[in-house]
Amino acid sequence: MKIIWLGHSGFRIEIGDQVLLVDPWLTGNPMFPADRRAEAVTGATHILLTHGHGDHTGDAIALSKDTGAPLVGIYDLMSFWEESEGLSVIGFNKGGTVSLGDVQVTMVNAVHSSSLGGADGPIYAGAEAGYMIHGEGRTIYVSGDTDVMADMKIFNDLHQPEIGLLCTGGHFTMDMPRAAYAAKTFFNFKTVIPCHYRTFPLLEQSAETLIQNLPDVQVIEPEVMEVIDL
């Protein structure tokens, strides 16, 4: 299994027979090197989206058209783009599981908001979500943008994820102390990879607090386009 951070909340996950792009915001992402776009997206089989905000979906339509990879996400938004953009999509909802080749993806709850930018203000984009991605005998929890939730105990009881890709930047999502609390209270992660941080000065810039509060967990501070082999 290979996990590659694309900056902000974007990841390329190579698992089983799939190459999944999760929230791949590349254009305008100050952390992502524009000259490595092709490298980041080549071979993509599916594009998973956690919610509608532009820092998560900004490249979704273009990437789906360029790569032929279907968009995967909340039913409302997927149906809208299927009709308006003619895209191949897989729309489902929280609690549902879809099989992507050898990989199973379950949509789980998140606590945030979800909209697209419109000329007259925000446009409804369905609900925010996270994912449990199961393949190669292991499970990855993609938190999406969220705060701590008691639901996380249920997620762990049902899915027992070993790897957590957790939003940690604060202001818009849980911060490092809250993410650490979530990890040690509700989960038994072996590995945690923080995201949704460092992108802008408003967000937290270091994962040191997360590392200090999870001494028994491998906390990996990712670097953009560097392979994490797990």
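In what follows, every heavy atom counts, from backbone to side chain, and hydrogens, waters and symmetry copies are set aside. Keep in mind that what you see is a predicted model, and the values were worked out from it rather than measured.
A donor-acceptor contact shorter than 3.5 Å links the side chain of Arg12 to the backbone of Thr42. Side chain of Ser114 to backbone of Gly52: a donor-acceptor contact under 3.5 angstrom is found. A donor-acceptor pair under 3.5 Å is formed between the side chain of Thr146 and the backbone N or O of Val111. Side-chain N or O atoms of Glu136 include one that pairs as donor or acceptor with a backbone N or O of Met1 at under 3.5 Å. Proximity of a side-chain donor or acceptor of Ser64 to a complementary backbone N or O of Pro70 within less than 3.5 Å is not detected. Listed for the Lys65 side chain is no donor-acceptor partner under 3.5 Å among the backbone atoms of Gly86. Judged by distance alone, the side chain of Ser99 and the main-chain N or O of Gln104 form no donor-acceptor pair under 3.5 Å. No donor-acceptor distance shorter than 3.5 angstrom exists from the side chain of His53 to the backbone of Thr57, with no hydrogens or angles considered. A donor-acceptor pair under 3.5 Å is formed between the side chain of Asp17 and the backbone N or O of Asp102.
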Intermediate values then yes/no, side-chain hydrogen bond (donor to acceptor under 3.5 Å, both in side chains), Gln218 and Thr191: CA-CA 5 Å; Gln218 179 190 31; Thr191 303; 2.9 Å; yes

Might you work through the side chain to side chain contact (heavy atoms under 4.5 Å, CB included) test for Asn156 and Asn188, ending with a clear yes or no? CA-CA 8 Å; Asn156 190 66; Asn188 297 301; 3.5 Å; yes

Side chain to side chain contact (heavy atoms under 4.5 Å, CB included) between His46 and Val103, intermediate numbers included: CA-CA 11 Å; His46 295 87; Val103 178; over 6 Å; no

Applying side chain to side chain contact (heavy atoms under 4.5 Å, CB included), run through Gln160 and Thr139 and close with a yes or a no. CA-CA 7 Å; Gln160 300 179 333; Thr139 301; over 6 Å; no

Before giving the answer on side chain to side chain contact (heavy atoms under 4.5 Å, CB included), spell out for Leu165 and Trp5 the whole-Å C-alpha distance, their side-chain angles and the decisive distance to 0.1 Å. CA-CA 10 Å; Leu165 308 185; Trp5 193 35; over 6 Å; no

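Of all heavy-atom pairs spanning Thr106 and Phe92, the tightest one is C-CE1, 4.4 Å. Looking at every heavy atom in both residues, Gly73 comes nearest to Met107 through C-CE, 3.5 Å. Of all non-hydrogen atoms in Ala40 and Leu6, the two that sit nearest each other are CB-CD2, 3.9 Å. Across Ala182 and Met152, no two heavy atoms sit closer than the pair CB-SD, 3.7 Å. Taking each heavy atom of Leu48 and Pro24 in turn, the nearest pair found is O-CD, 4.4 Å. Annotation for Pro222 and Ile193: closest pair CG-CG2, 3.8 Å, computed over non-hydrogen atoms.
Within 6.0 Å of atom OH in Tyr181, 12 or fewer heavy atoms from other residues, nucleotides or ligands are found, so the atom counts as exposed in its surroundings. For Phe155, the CZ atom sits in a packed shell: over 12 heavy atoms of surrounding residues, nucleotides or ligands are nearer than 6.0 Å.
Rounded to the nearest 0.5 angstrom, His112 NE2 and Met174 CE are separated by 11.5 Å. Interatomic distance, Thr199 OG1 to Met31 CE, rounded to the nearest 0.5 Å: 5.5 Å. Taking CG of Leu63 as the reference point, atom CD1 of Ile47 lies at 5.0 Å (rounded to 0.5 Å). From Tyr124, atom OH reaches atom CG of Leu116 across 11.0 Å, with rounding to the nearest 0.5 Å. Atoms CZ and NE2, on Arg138 and His134 in that order, are 10.5 Å from each other to the nearest 0.5 Å. Note: Lys94 NZ to Tyr131 OH = 10.5 Å, rounded to the nearest 0.5 Å.
Note on Val98: it clusters hydrophobically with Val89, by side-chain heavy-atom contacts below 4.5 Å among ILVMFWY residues. Note on Ile211 and Leu203: separate hydrophobic clusters, where clusters join Ile, Leu, Val, Met, Phe, Trp and Tyr whose side-chain heavy atoms are under 4.5 Å apart, directly or indirectly. Tyr75 and Met132 fall into different hydrophobic clusters, where Ile, Leu, Val, Met, Phe, Trp and Tyr residues are linked whenever their side-chain heavy atoms come under 4.5 Å apart, directly or through other members. Under the 4.5 Å side-chain contact rule for hydrophobic residues, Phe172 and Val148 do not share a cluster. Two different hydrophobic clusters hold Phe11 and Val19 under the rule that ILVMFWY side chains link at heavy-atom gaps under 4.5 Å.
Contact of the Asn93 side chain with the Ile74 side chain is registered, since non-hydrogen atoms from C-beta on lie closer than 4.5 Å. With a 4.5 Å cut-off on side-chain heavy atoms, Ser9 and Asp55 do not count as touching. Looking at Trp81 and Ile61, their side chains come closer than 4.5 Å, going by heavy atoms from C-beta outward. Residues Lys2 and Ile228 fail the side-chain proximity criterion, which asks for heavy atoms closer than 4.5 Å. Looking at Ile3 and Glu14, their side chains never come closer than 4.5 Å, going by heavy atoms from C-beta outward. The closest side-chain heavy-atom distance from Leu230 to Ile163 is below 4.5 Å. Counting heavy atoms from C-beta outward, Glu226 and Ile4 have side chains that stay 4.5 Å or more apart. Side-chain contact between Leu87 and Glu82: absent, with no pair of heavy atoms (C-beta onward) separated by less than 4.5 Å.
A donor atom on one side chain and an acceptor atom on the other are found under 3.5 Å apart for Thr27 and Arg37. Residues Asp23 and Thr50 bring a donor and an acceptor atom of their side chains to less than 3.5 Å of each other.
Put simply, the residue from Ile133, Thr45, Leu20 that forms a side chain to side chain contact (heavy atoms under 4.5 Å, CB included) with Leu100 is Leu20. Shown are Glu221, Glu204, Gln205; of these, the side chain to side chain donor-acceptor pair (under 3.5 Å) with Tyr197 is made only by Glu221.
For His196 and His8, the gap between ring centers is short of 6.0 Å. Aromatic ring centroids of Trp25 and His56 lie 6.0 Å or more apart. Two rings, from Phe187 and Tyr141, have their centers less than 6.0 Å apart.
Salt bridge present: Glu223 and Arg198 bring a charged side-chain N and a carboxylate O closer than 4.0 Å.
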